[in-house]
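Contents: one structure, followed by commentary.
To find a chain, count down the sequence lines: A is the first, B the second, and so on, and within it residues start at 1.
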Number of protein chains: 2
Amino acid sequence: MSATSTAHAKAVELGRHILRMTTAAGSGHPSSALAIIHVVIDLMYRTMRYDPADPWNPGSDRLVLSIGHAVPAAYAAYADLEGVVGKSPKEARPLTIDDLASLRELHSTLDGHPNPAEGFPFFDAATGSLGQGLSAAAGLAVAARLDKSNKRIFVIAGDGESREGQFWEAADFIVDHRLYNVCLIVSCNGQGQAGPVSHQQSAETVAEKLEAFGWKVATIDGHDPDAIHGATAESAGRGHPTAIIARTVKGWGVDLMLHSNYHGKPVPAAELGAACAQLEAYGKKLGAKAEESWTPRKPGKIAAESARVPIALPGLDSALRDAGLAAALDKKELATRVAWGVAMVALGKADNRIVSLDGDVSNSTYANLFAKEHSDRFFECKIAEQNMITAASGLAAAGKIPFASSFGKFIERGLDQVDMAAITRANIKIVGSHTGVSLAADGPSQMAVTDVAFFRSMCHVDAGGRPACRVFQPSDAVSAYRLTELMANLDGLCYLRTHRPNAPFIYELDETFTTAGFKQIRRGADITLVSAGYMLHTVLSAAGRLADRGISCNVFDAYALPLETDAILDAVQSSDSTILVVEDNFAGGLHAEIAEAAAARGDIRVVGMTVARMPKSARTAEEVFEYCGVGLDQIVGRCRELVGR
Amino acid sequence: MSATSTAHAKAVELGRHILRMTTAAGSGHPSSALAIIHVVIDLMYRTMRYDPADPWNPGSDRLVLSIGHAVPAAYAAYADLEGVVGKSPKEARPLTIDDLASLRELHSTLDGHPNPAEGFPFFDAATGSLGQGLSAAAGLAVAARLDKSNKRIFVIAGDGESREGQFWEAADFIVDHRLYNVCLIVSCNGQGQAGPVSHQQSAETVAEKLEAFGWKVATIDGHDPDAIHGATAESAGRGHPTAIIARTVKGWGVDLMLHSNYHGKPVPAAELGAACAQLEAYGKKLGAKAEESWTPRKPGKIAAESARVPIALPGLDSALRDAGLAAALDKKELATRVAWGVAMVALGKADNRIVSLDGDVSNSTYANLFAKEHSDRFFECKIAEQNMITAASGLAAAGKIPFASSFGKFIERGLDQVDMAAITRANIKIVGSHTGVSLAADGPSQMAVTDVAFFRSMCHVDAGGRPACRVFQPSDAVSAYRLTELMANLDGLCYLRTHRPNAPFIYELDETFTTAGFKQIRRGADITLVSAGYMLHTVLSAAGRLADRGISCNVFDAYALPLETDAILDAVQSSDSTILVVEDNFAGGLHAEIAEAAAARGDIRVVGMTVARMPKSARTAEEVFEYCGVGLDQIVGRCRELVGR
């Protein structure tokens with residue numbers, strides 16, 4: 001019983017920290033933190049193999065706190081263990097008990113929810129948008145397998161958050177990929193935010209659901225140290241994924257939190273003393289006594305993958321020949337999505353960190369080329385994009401360079417997950433295929449048209465000295481191939497937009513591309529056209545038609561965001577011409593990028609043509625372009641209007 | 001057996017149409033359509049109570065084709081039944097067999113996936129982004145209950161798409177709300193796009209999962225007309241939700257589709273004759289013979305809710321008094337989220353069509369005010385935003401005016417669902433609370449900062465003569481109250497952005513607001529400031545500080561998008577001042593809106609300040625504003641720089 005009495009003593013000690021730090025912060029979730037306190041103690045003091053002095057050790061067991069708002073429990077334990085915080089090993093320093101009072105302060109590493117990027121490397125994923133942790137754990141578990149590590153990944157989730165569909169996507173993925181080093185603990189306290197959880201999220205129902213999903217489930221008292229330790233130890237090394245349903249009490253040990261649903265608010269300062277005393281008294285009743293001294297078990301050893309920077313690809317010609325696609329070289333025509341697939345095969349050869357995830361559309365995105373060549377590093381996620389994106393984030397946390405691909409429209413399914421990955425500063429690459437209205441026949445339910453606006457919104461946000469996101473829009477096979485290479489070499493979130501139709505080569509095979517983001521591909525004096533992606537071909541056709549009429553066009557391929565727009569504007573300013581931006585997506589993309597920069601100068605005219613009508617099916621891309629106001633004739637007409645002849 | 005032989009004969013007849021129309025289109029999914037052909041025949045000819053000549057009849061049973069790519073099966077049946085198509089009863093005309101060849105043509109109502117807005121009113125929801133249909137059905141079922149209708153809602157889903165988490169969110173919701181008029185049929189053909197479905201999506205596992213979720217499940221042969229009819233009939237009026245697992249064959253009856261996985265491609269024209277012959281021969285083997293003549297059963301009667309336009313609210317003062325919030329009138333201060341809640345109570349009184357859905361945060365969004373007053377029209381969706389948004393779309397299809405609320409950050413969870421609702425032209429209102437970085441202490445995992453860019457991207461897209469989306473950003477209680485009223489009166493998708501902190505009243509209680517989207521609230525000559533929402537208060541403080549220094553500011557509240565920007569620009573142009581736009585969100589919002597319009601003129605300078613750094617926790621909104629580059633001092637400094645003193 002000495003372990004039990006020690007655990008209770010620790011629960012009281014950390015519980016006091018939880019109460020104090022949330023009261024000091026004036027906000028936070030002490031009641032949810034107290035519900036998981038015994039689970040956190042078991043994991044962080046007794047079960048996990050890790051070194052609090054070196055949270056970057058790649059051999060460590062990991063904890064994903066899916067129920068992010070309960071984080072004060074982990075902060076308290078980590079401070080007690082003198083765990084190290086800091087944005088890098090160079091800035092490392094141990095967290096102190098005094099630091100806990102800085103919870104939620106601007107200059108604190110202790111954010112309101114787990115936020116590793118702010119200097120808390122014990123965590124791998126920003127959490128707090130619920131239902132995502134199990135997916136992050138899945139990604140970490142996949143990486144552990146690739147690294148031949150037996151490290152374990154623990155996840156603490158909440159009953160209420162198991163309502164999120166993504167939770168079940170992750171449950172499927174973990175079974176499919178036999179990720180038996182994942183141990184899920186669901187804190188079932190029966191309370192949500194606005195009221196009790198549904199019977200659908202009761203401990204019994206969650207257990208039944210998990211069993212139907214193929215998991216082994218143990219249901220325990222989440223405040224019984226012995227039961228917890230038995231369950232977490234027993235689940236190691238089994239031939240199935242394990243879930244522990246832990247019946248917990250929201251506000252454990254603090255009477256004033258036990259009445260009705262005490263959610264998301266600290267104890268008022270005037271009642272703090274009473275709350276601490278209640279906790280103390282409750283602990284005494286349970287025989288709390290610090291009889292044992294616990295030090296976390298040491299992590300296993302692991303060979304870290306050595307980074308090769310830069311990752312360099314061979315010429316596109318040899319890559320195409322290797323892929324059996326040499327015919328494209330003769331025809332000088334290939335869809336950007338195919339060229340991306342070819343680049344992935346080459347990337348996979350160049351660097352073992354490259355991995356690929358796809359959502360049952362690998363024969364459309366062309367991730368199947370990578371899957372064939374590097375089957376051990378390809379992960380079929382099936383039709384479940386939310387899990388795919390967060391799992392990619394987990395893989396990135398373990399040092400892999402994941403590319404997650406689907407139709408751009410279905411990537412939209414996981415934008416909150418993309419956002420959480422951006423907060424994590426996860427080094428993930430998202431690839432949306434069949435983007436824009438050029439998809440035509442399949443119709444709007446398959447067309448990504450809001451994607452550029454969404455991803456661009458993050459392009460002007462600083463995330464540690466680099467943009468929170470970069471967007472790449474290749475127009476041909478050469479640029480698709482080289483931009484994929486560029487993405488692999490850049491740290492952080494990138495979005496690549498590929499297209500369904502075949503497209504002629506615009507560039508010579510030896511062309512190079514940079515984060516400046518543009519190339520001038522035609523020179524003229526009367527008007528400047530800026531476009532990207534598949535639409536660039538239509539714009540070039542327009543320029544050709546206009547030339548026949550004696551109107552000469554500048555044409556820029558603006559293949560990346562953020563764009564070094566000023567260089568384009570400088571070039572244009574001297575010619576005093578109007579800029580027309582043409583896109584096959586809704587507003588907020590390239591046109592916004594250029595208009596914002598031009599308007600800041602106030603002396604260059606910029607006009608945009610974006611998809612201005614809800615698209616529908618049509619047999620050809622050209623028909624849909626015209627239907628949506630961005631057809632060839634419309635571009636030519638608009639240019640003539642602007643030029644005045 | 002005459003029903004069986006008739007069903008097989010019908011399957012062969014419609015199967016031929018499916019083969020022909022997809023071959024004519026040059027794309028499409030004949031194999032998936034053939035898999036559901038017997039299910040479609042049972043529903044559309046024998047089980048559903050509806051009138052093909054009047055698809056708008058509100059008493060009709062409904063069919064949601066979640067597996068949207070299989071739609072040729074429904075098109076073929078509907079043409080055979082001479083079902084009526086058209087964008088409104090005025091344009092109604094029966095679909096003919098000849099029309100089927102227009103599948104996926106620009107001027108056809110037969111889009112590649114179900115798309116009611118293009119003139120196919122038999123459907124209620126655009127589908128094709130998978131896993132959403134059950135949620136749409138849930139919304140339709142909720143509406144049927146409110147209308148005291150016993151109509152049934154049928155959903156055909158696929159095995160592969162049950163991998164989508166949203167499917168399970170819907171399964172929970174349907175059990176929670178006892179929506180026993182929903183009948184789910186899962187076509188289990190074992191094939192996805194890129195390969196076979198996982199064992200996790202096998203017929204057996206899907207059945208076990210549904211049972212664990214509280215559903216009654218029957219597993220049948222999906223090509224046995226008798227078994228199907230027994231199952232669909234038996235599920236009527238039971239005290240539980242019913243799922244029918246239908247084992248189906250992808251490419252049923254067509255030999256050349258039965259080898260490996262034949263997905264998403266039509267039969268080549270040269271093989272069309274052979275394919276039709278195979279189908280015919282297979283039907284003969286099964287005894288296909290048109291012995292019975294089927295006419296769909298008539299729909300029930302239903303009292304349609306009479307629309308009251310405009311929906312008019314009382315004064316904010318009386319609404320606040322009714323809500324017990326009269327103190328706000330004295331303090332002249334209230335959070336926009338609370339004012340929204342107050343407006344909802346009043347809207348609910350003014351019009352029975354108003355309904356509210358919330359995701360376990362009603363005590364934060366203030367949807368709880370509506371829930372208390374109109375409990376029969378409040379639907380707790382728990383922590384499952386994807387289902388919430390699609391269910392709202394289903395409610396809208398049945399004539400309700402649903403408001404779906406959550407933290408703006410968690411609305412991001414359902415952006416693909418928002419997009420599908422926009423394609424549907426669903427009249428839904430999305431309310432994101434706690435938006436922007438003013439949320440402060442909770443940190444970035446709870447802050448909506450990409451939302452304005454995303455929703456704005458649809459604001460410049462025509463959807464039948466109106467914008468596909470409108471965004472509203474109230475800055476105080478008066479505008480929050482009146483903009484909520486305005487939203488209820490506008491047709492189509494609207495997004496309202498509310499904030500956590502209390503905010504002083506800017507407007508008099510009798511102020512009015514329109515879709516023009518702006519008000520000039522301060523006049524000056526030196527510089528023009530444009531902002532919205534909570535940030536407007538900071539901008540007004542900046543204007544006050546600048547006035548102390550002798551710099552006089554124009555200040556505009558740009559509370560709606562799309563914005564009638566030219567009116568602002570006209571006002572500014574005369575004063576020749578620079579415009580500074582300030583926002584508490586990432587790029588792509590109001591700044592882009594104004595910069596695009598200004599750059600099109602080319603003679604007005606517009607500068608933006610948006611959240612330029614990934615936010616983190618801090619104790620106050622002001623600290624996070626400054627951290628992210630949009631603090632009061634920074635605004636003042638930027639104005640001084642621009643004015644040059």
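Taking CZ of B:Arg619 as the reference point, atom OG of A:Ser102 lies at 7.5 Å (rounded to 0.5 Å). Distance check, rounded to the nearest 0.5 Å: CD1 of A:Ile383 to CD of B:Gln201 gives 8.0 Å. Here A:Gln166 contributes atom CD and B:Gln166 contributes atom CD; the two are 13.0 Å apart, rounded to the nearest 0.5 Å. B:Ile423 CD1 to A:Met614 CE: the interatomic distance, rounded to the nearest 0.5 Å, is 6.0 Å.
Residues A:Val452 and B:Ser457 form no side-chain contact, since every pair of their non-hydrogen atoms from C-beta on lies 4.5 Å or further apart. Taking 4.5 Å as the limit, some side-chain heavy atom of A:Lys409 sits within range of a side-chain heavy atom of B:Met420. No side-chain heavy atom of A:His460 sits less than 4.5 Å from a side-chain heavy atom of B:Phe586. Looking only at side-chain heavy atoms (C-beta outward), A:Asn115 and B:Pro444 come within less than 4.5 Å of each other. B:Asp176 has its side chain within reach of A:Arg163: a pair of non-hydrogen atoms, C-beta onward, lies under 4.5 Å apart. Inter-residue side-chain proximity for A:Leu106 and B:Lys616 is flagged as met; some heavy-atom pair is nearer than 4.5 Å. Residues B:Lys209 and A:Asp172 are in side-chain contact: their nearest non-hydrogen atoms beyond the backbone lie under 4.5 Å apart. Between A:Gln386 and B:Gln386, some side-chain heavy-atom pair lies under the 4.5 Å cut-off.
Ring orientation note: the planes of B:Phe213 and A:Phe213 are tilted relative to one another, at an angle of 30° to 60°.
For A:Ala126, no part sits under 4.5 Å from any heavy atom of chain B, backbone or side chain. A:Glu593 does not touch chain B: none of its heavy atoms, backbone or side chain, sits under 4.5 Å away. Both the backbone and the side chain of A:Leu415 come within less than 4.5 Å of a heavy atom of chain B. When heavy atoms are compared at a cutoff of 4.5 Å, A:Gln446 approaches chain B solely by way of its side chain, counted from C-beta outward. Contacts of B:Ala440 with chain A are absent, with no heavy-atom separation under 4.5 Å from either backbone or side chain. Neither the backbone nor the side chain of A:Glu211 comes within contact range of chain B; no heavy atoms are under 4.5 Å apart. Proximity to chain B (any heavy atom under 4.5 Å) is restricted, for A:Pro196, to the backbone atoms N, CA, C and O. For A:Ser364, the parts lying near chain B are the backbone and the side chain together; criterion is any non-hydrogen pair under 4.5 Å. For chain B, no part of A:Cys628 is nearby; none of its heavy atoms comes within less than 4.5 Å. Neither the backbone nor the side chain of A:Thr424 comes within contact range of chain B, judged by heavy atoms closer than 4.5 Å. Heavy atoms closer than 4.5 Å to chain B are found nowhere in A:Phe167, neither backbone nor side chain. Contacts between B:Ser108 and chain A at a heavy-atom distance below 4.5 Å involve the backbone alone (N, CA, C, O). Looking at B:Phe455, neither its backbone nor its side chain comes within 4.5 Å of chain A, counting heavy atoms on both sides.
Annotation: maximal heavy-atom pairing with chain A below 4.5 Å, among B:Thr127, B:Asp603, B:Val175, occurs at B:Val175. Between chain B and the options A:Asn585, A:Thr205, A:Val361, A:Leu110, heavy-atom pairs under 4.5 Å are most frequent for A:Val361. With chain B as the partner, the residue from A:Glu169, A:His113, A:Glu208 showing the most heavy-atom pairs under 4.5 Å is A:His113. Put simply, of B:Ala453, B:Ala468, B:Ala441, B:Ala598, the one with the most heavy-atom pairs under 4.5 Å next to chain A is B:Ala441. Chain A forms the most heavy-atom pairs under 4.5 Å with one residue out of B:Ala597, B:Ser362, B:Ser198, B:Gly443, and that residue is B:Ser198. Considering only heavy-atom pairs separated by less than 4.5 Å from chain B, the leading option among A:Ile604, A:Asn387, A:Thr578 is A:Ile604. By number of non-hydrogen pairs under 4.5 angstrom with chain B, the leading residue of A:Asp419, A:Asn368, A:Val418, A:Val607 is A:Asp419. The candidate from A:Ala599, A:Ala170, A:Gly464, A:Ala207 with the greatest count of non-hydrogen atom pairs under 4.5 Å with chain B is A:Ala599. For the set B:Ala117, B:Ala384, B:Ala25, the count of heavy-atom pairs under 4.5 angstrom toward chain A peaks at B:Ala25. For chain A, the option among B:Ala212, B:Gly112, B:Ala194 with the highest count of heavy-atom pairs below 4.5 Å is B:Ala194. Among the candidates B:Gly26, B:Gly629, B:Gly192, the residue making the largest number of heavy-atom pairs closer than 4.5 Å to chain A is B:Gly192. Highest contact tally toward chain B, considering only A:Arg613, A:Arg605, A:Glu623, is held by A:Arg605 [criterion: heavy-atom pairs under 4.5 Å].
Partner of B:Arg413 under the salt bridge (charged side-chain N to carboxylate O under 4.0 Å, His left out) criterion, chosen from A:Glu164, A:Glu161, A:Glu385: A:Glu164.
Between B:Arg104 and A:Asp442 a salt bridge is recorded (basic side-chain N to carboxylate O distance below 4.0 Å).
A donor-acceptor pair is defined here as one N or O able to donate and one able to accept, closer than 3.5 Å; no such pair exists between the side chain of A:Asp416 and the backbone of B:Glu412.
The minimum heavy-atom distance linking B:Val611 with A:Val461 is given by the pair O-CG2, 3.7 Å. Taking all atoms of both residues into account, the shortest heavy-atom contact from B:Glu596 to A:Gly588 is OE2-N, 4.0 Å.
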